[in-house]
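Note that the structure is predicted; figures quoted are calculated from it, not measured. Order of the sequence lines sets the chain letters (A, B, ...), proteins ahead of strands, with each chain counted from 1.
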2 protein chains.
Amino acid sequence: MGRPRRTGVTPTGNPRQEILDAAARLFADQGYVATTMSEIAKTVGLGQSSVYYWFRSKEDLLLALAGANRESLEVARRLAARSTPPPEHLYAVLYADVLQMCRGALDFYDLERAAHAQPEFFAEILADYGRLRAELEAIVDAGMRSGDFAAGDARTATAACLAQTEGMQHRFRTPTPDDAQRGPALTEPVTAARLAATAALRALLADPARSPEVERVALAALEA
Amino acid sequence: MGRPRRTGVTPTGNPRQEILDAAARLFADQGYVATTMSEIAKTVGLGQSSVYYWFRSKEDLLLALAGANRESLEVARRLAARSTPPPEHLYAVLYADVLQMCRGALDFYDLERAAHAQPEFFAEILADYGRLRAELEAIVDAGMRSGDFAAGDARTATAACLAQTEGMQHRFRTPTPDDAQRGPALTEPVTAARLAATAALRALLADPARSPEVERVALAALEA
DNA sequence: ACGGGATTTCGATGTCTCGTCGAAATCTCC
DNA sequence: GGAGATTTCGACGAGACATCGAAATCCCGT
């Protein structure tokens, strides 16, 4: 019901979901900035202004798509949050996090940019990120105290870990000129996740030789 | 000479350079996308359209600013390119690269975005990046053959290294909500460079215990 | 059957940004 | 004093996000 569409296309299912799907696809393919509301509207058979009946703004679309990931991320993180030794714990959290980011439709940096511009609108996303950072910092700190990790500044080390995992996520979804010629260097999300988590682990471990064993245990725990 | 400015401000020095300085500052503070040509024009006392007398487009500004960094980057890299063992070589190249990116006015990702949208316009930048990647891949490959690095896929490992260093660079210049509360976690470019280079090195070394010594040697070589 | 209300879409419009174009104002030099 | 070069301006166009009122349809009570 409602006024019929100019295109003649009658809405089959949930228009809101169709818009979300189209936006997810376009954002993933071209990036958030390069995607226009007209494009999104066109792919679902609507006029540009009609999208605003379902979403207040382009950023609202971003927020909705980000929220979709949030839940499964929580689940993965809670799975890993059982009282495990810091090295395995760190590995599991980072691995799950990168995996989630790579599989989602949104580039983390797009989200970050939007959140930076409108902090109150993206308050939940920012709070989520803050919790992740705090959790990681606690793990790093615990590991440094226990001697598993080399002594140092937990906060700086945590920031570095996150920065590098985010970079990995971005490169996974954004091809370089070299990728265009030889095919993508990072093909699977699990590859990116494993590389990022292992690198962080080895950077922190007091005895990096333990890293294969830690990785093995953490991955086994994540399977369950 | 030329028509006087509406603002009454007479150009003191080189208008082109003044525009570049203003753009560098604004890009660094707010990011490329969030900065408007009107803002840039206003800070140098020009009308919006007058900036286009000195630069063809906003992207041209980006290109000019990127070019300014390019030279010193070449120098740093050539310094490190002397025939050194792969571990030290890798460390030196990554360290110099991150340092350069952190000190420059531009976020690497802004540059990447623009280059992706207009490859021919940013051809030199893209070629530069390709050379860096190829050089790193050669180092990684050599290290894997010599046994210094653990065996694996050189291309993937190189992509991961670069992805993580770029992420570090981005986080260095873009504060998180946590940074706003407690002050920036990464304060000095050298800190970011050291963390990124060390992490990459330890991720690759067959015997990560060598990393402190490699780091020491590489940093000493860079001093000279 | 008919009219009121709710739902969904449209078209027109406003604002902002990048970028273009021709005109205007100034200086230099003849 | 005038021709040409240099630099700036103001007006304008295109494209994007967003708003608003009107229009088209369906549902429901009478």
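Every pair passing ring-ring contact (aromatic ring centres under 6.0 Å, His included) that includes a residue from residues 1-29 of chain A is listed here, sequence neighbours excluded: A/Phe27-A/Tyr32. Residue pairs meeting the salt bridge (charged side-chain N to carboxylate O under 4.0 Å, His left out) criterion with at least one member in residues 182-201 of chain B, sequence neighbours excluded, are A/Glu137-B/Arg182, B/Asp178-B/Arg182.
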I'd like a table of atom pairs between the protein and nucleotides 9-12 of chain C - only N or O on both sides, under 3.5 Å - with the distance next to each one.
unit_1, atom_1, unit_2, atom_2, d
C/dT9, OP1, A/Arg5, NE, 2.9
C/dT9, OP1, A/Arg5, NH2, 2.8
C/dT9, OP2, A/Trp54, NE1, 2.8
C/dT9, O4', A/Arg3, O, 3.4
C/dT9, O2, A/Arg3, NH1, 3.4
C/dC10, OP1, A/Arg6, N, 3.0
C/dC10, OP2, A/Gly47, N, 2.7
C/dC10, OP2, A/Ser50, OG, 2.6
C/dC10, O4', A/Arg3, NH2, 3.4
C/dG11, OP1, A/Arg6, NE, 2.3
C/dG11, N7, A/Ser49, OG, 3.4
C/dG11, O6, A/Ser49, OG, 2.8

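Rounding to whole angstrom units, CD1 of residue A/Ile19 and P of C/dT8 are separated by 11 Å. Taking atom OH of B/Tyr52 as the reference point, atom P of C/dT17 lies 11 Å away to the nearest angstrom. The distance between atom CD of A/Glu18 and atom P of C/dT8, rounded to the nearest whole Å, is 13 Å.
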Practice problem: Go through the steps to decide whether B/Leu219 and B/Glu215 satisfy the test side chain to side chain contact (heavy atoms under 4.5 Å, CB included), and finish with yes or no. | Solution: CA-CA 6 Å; B/Leu219 284 177; B/Glu215 180 169 3; 3.9 Å; yes

Evaluate the salt bridge (Lys or Arg N to Asp or Glu O under 4.0 Å) criterion for residues A/Asp21 and A/Arg16: first the C-alpha distance (whole Å), next the side-chain angles of each, then the deciding distance (0.1 Å), finally the verdict.
CA-CA 9 Å; A/Asp21 293 342; A/Arg16 193 181 155 89; over 6 Å; no

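Of all the residues in residues 21-42 of chain B, B/Thr35, B/Thr36, B/Met37 reach under 4.0 Å from DNA chain C with at least one non-hydrogen atom. Annotation: proximity of residues 114-123 of chain A to DNA chain C (heavy atom, distance under 4.0 Å) is found for no residue. A heavy atom lying under 4.0 Å from DNA chain C marks none of the residues of residues 56-64 of chain A.
With sequence neighbours left out, the side-chain hydrogen bond (donor to acceptor under 3.5 Å, both in side chains) criterion links A/Thr156 to A/Asp153. Qualifying salt bridge (charged side-chain N to carboxylate O under 4.0 Å, His left out) partners for B/Asp29, counting only residues two or more places apart in sequence or in other chains: B/Arg25. For A/Glu124, the side-chain hydrogen bond (donor to acceptor under 3.5 Å, both in side chains) criterion is met by A/Arg70, not counting sequence neighbours. Among residues two or more places apart in sequence or in another chain, the salt bridge (charged side-chain N to carboxylate O under 4.0 Å, His left out) test is passed with B/Asp179 by A/Arg155.
Closest heavy-atom contact between A/Thr7 and A/Gly45: OG1-O, 3.2 Å.
Rounded to 10 degrees, the angle separating the terminal helix axes of the helix from C/dA1-D/dT30 to C/dC30-D/dG1, each built from five base pairs, is 30°.
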Solution key, residues 162-170 of chain B side-chain donor-acceptor pairs under 3.5 Å, sequence neighbours excluded:
unit_1, atom_1, unit_2, atom_2, d
B/Thr165, OG1, B/Cys161, O, 3.4
B/Thr165, OG1, B/Leu162, O, 2.8
B/Glu166, OE1, A/Arg171, NH2, 2.9
B/Glu166, OE2, B/Tyr129, OH, 2.7
B/Gln169, OE1, B/Phe108, N, 2.9
B/Gln169, OE1, B/Arg173, NH1, 2.9
B/Gln169, NE2, B/Glu166, O, 3.1
B/His170, ND1, B/Asp107, OD2, 2.6
B/His170, NE2, A/Glu112, OE1, 2.8

